[in-house]
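The first residue in the sequence is number 1, and the count goes up from there.
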Amino acid sequence: MSVDPGREKCGIAVVHRSRGILYKSIVETAELLAAATALVVKYSLTTAVVGDSTSSRSAQSKLSTIEVKGQKMTVIPVNEYRSTDQARNRYWADHPPKGLFRLIPITMRVPPVPVDDYAAVVLAERYFAGQ
C-alpha cells in the first residue's frame with residue numbers, strides 16, 4: 001500500500017511489483033485509517049510506503065497502529081520530491097486531452113481533478129525502484 005498524505009486528503013494505492021496498480025483512490029485525511037485498514041484486510045498487506053512531506057508523521061503514526069496477524073504494519077517513508085509533477089504527467093497519459101486542449105503544452109495543463117491517487121502510485125514505484 002502506498003499513501004500520499006495531505007492535510008485534507010490523501011492519495012492511497014495498492015500497487016503490486018509485477019501486476020501493477022490494483023487499487024487507487026483519494027480519501028479524506030480523517031478517513032485514512034479506516035480506508036487503509038479495509039485495504040489491508042482485502043489485499044493481505046503488510047507494508048505501507050508513505051510520502052515524507054506534508055502530514056507524513058501523522059499518516060505514519062496512524063498506519064503504524066494497524067496490526068497484521070498480530071504484528072504492527074511496516075511503514076516506510078519515501079522521498080516525495082516532485083511526485084505531484086509526475087502524478088500530473090501520469091494523469092495526462094491516462095486521460096489525453098481532446099480537441100484544442102491537445103495544443104496546450106503539458107507543463108501548462110492543470111488536471112480537472114486531484115491527482116493524489118496518482119502520486120501514491122508514483123511513491124510505490126519509487127519504493128520498488130529503490131529495492
Side-chain angles (χ1 to χ4, degrees):
M1 175 171 46
S2 177
V3 176
D4 176 43
R7 287 182 188 90
E8 296 176 17
K9 62 187 179 330
C10 297
I12 190 167
V14 176
V15 182
H16 189 273
R17 183 186 307 269
S18 59
R19 294 186 309 192
I21 302 166
L22 304 177
Y23 173 88
K24 67 182 177 63
S25 182
I26 298 174
V27 298
E28 291 182 27
T29 300
E31 302 298 320
L32 176 61
L33 184 58
T37 302
L39 292 174
V40 164
V41 170
K42 181 176 181 178
Y43 292 99
S44 301
L45 305 173
T46 59
T47 304
V49 296
V50 181
D52 64 358
S53 293
T54 309
S55 303
S56 179
R57 286 197 175 121
S58 174
Q60 287 181 44
S61 66
K62 286 179 184 178
L63 294 172
S64 66
T65 64
I66 299 172
E67 288 197 14
V68 181
K69 297 178 183 170
Q71 297 206 3
K72 298 279 185 184
M73 178 165 230
T74 304
V75 180
I76 302 168
V78 175
N79 186 347
E80 203 174 335
Y81 181 71
R82 298 191 63 98
S83 61
T84 302
D85 294 335
Q86 286 183 289
R88 286 183 183 132
N89 291 340
R90 295 283 297 266
Y91 174 86
W92 289 119
D94 286 355
H95 305 91
K98 295 182 172 51
L100 293 176
F101 289 109
R102 292 179 301 158
L103 303 176
I104 300 172
I106 195 166
T107 56
M108 296 180 68
R109 295 183 205 145
V110 177
V113 296
V115 293
D116 302 79
D117 50 347
Y118 283 94
V121 170
V122 167
L123 295 175
E125 291 170 345
R126 286 182 183 182
Y127 170 74
F128 290 138
Q131 281 192 320

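Around the CZ atom of Phe128, the shell of radius 6.0 Å holds more than 12 heavy atoms that belong to other residues, nucleotides or ligands. Remark: Leu100 CG is loosely packed, at most 12 non-hydrogen atoms of other residues, nucleotides or ligands lying under 6.0 Å away. Crowding of Lys62 atom NZ: a count of heavy atoms from other residues, nucleotides or ligands under 6.0 Å exceeding 12. Other residues, nucleotides and ligands contribute only 12 or fewer heavy atoms inside 6.0 Å of the CD atom of Glu28.
Note on Val50 and Val68: same hydrophobic cluster, where clusters join Ile, Leu, Val, Met, Phe, Trp and Tyr whose side-chain heavy atoms are under 4.5 Å apart, directly or indirectly. Cluster membership check: Phe101 shares its hydrophobic cluster with Met108, using side-chain heavy-atom separations under 4.5 Å among Ile, Leu, Val, Met, Phe, Trp and Tyr. Side-chain heavy atoms closer than 4.5 Å link hydrophobic residues (I, L, V, M, F, W, Y) into clusters, and following such links, possibly through other members, connects Leu32 to Val75. Hydrophobic clustering (side-chain heavy atoms under 4.5 Å, transitive across Ile, Leu, Val, Met, Phe, Trp, Tyr) keeps Ile21 apart from Trp92. When the side chains of ILVMFWY residues are joined at heavy-atom separations under 4.5 Å, either directly or via intervening members, Leu33 and Val14 end up in a single hydrophobic cluster.
Looking only at distances, no side-chain donor or acceptor of Ser25 sits under 3.5 Å from a matching main-chain atom of Ile12. Arg88 contributes no side-chain N or O that, together with a main-chain N or O of Val115, makes up a donor-acceptor pair within less than 3.5 Å. Asp52 contributes a side-chain N or O that, together with a main-chain N or O of Glu80, makes up a donor-acceptor pair within less than 3.5 Å.
Across every non-hydrogen atom of Pro5 and Ser55, the tightest pair is CB-O, 3.8 Å. Here the closest non-hydrogen pair linking Arg109 and Arg102 is NH2-O, 3.5 Å. Closest of all the heavy-atom pairs between His16 and Leu22 is CB-CD1, 4.1 Å. Contact detail for Ala87 and Val122: the closest heavy-atom pair is N-CG2, 4.1 Å. Listed here is the closest heavy atom pair of Pro114 and Lys9: CB-CE, 3.6 Å. Closest of all the heavy-atom pairs between Ala120 and Asp4 is N-CB, 3.9 Å.
Side-chain atoms of Pro112 and His95, non-hydrogen and from C-beta on, never get closer than 4.5 Å to each other.
Tested against Tyr23 for a side chain to side chain contact (heavy atoms under 4.5 Å, CB included), the candidates Val121, Leu39, Val15 yield a single pass: Leu39.
Taken from CG in Leu63 to OG in Ser58, the straight-line distance is 9.0 Å, to the nearest 0.5 Å. Atom OH of Tyr127 sits about 5.5 Å away from atom OG1 of Thr47, to the nearest 0.5 Å.
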*Would you sort out whether Arg7 and Thr54 count as a side chain to side chain contact (heavy atoms under 4.5 Å, CB included), showing the intermediate values?*
CA-CA 7 Å; Arg7 287 182 188 90; Thr54 309; 3.6 Å; yes
*Might you work through the side chain to side chain contact (heavy atoms under 4.5 Å, CB included) test for Glu125 and Gln86, ending with a clear yes or no?*
CA-CA 11 Å; Glu125 291 170 345; Gln86 286 183 289; over 6 Å; no
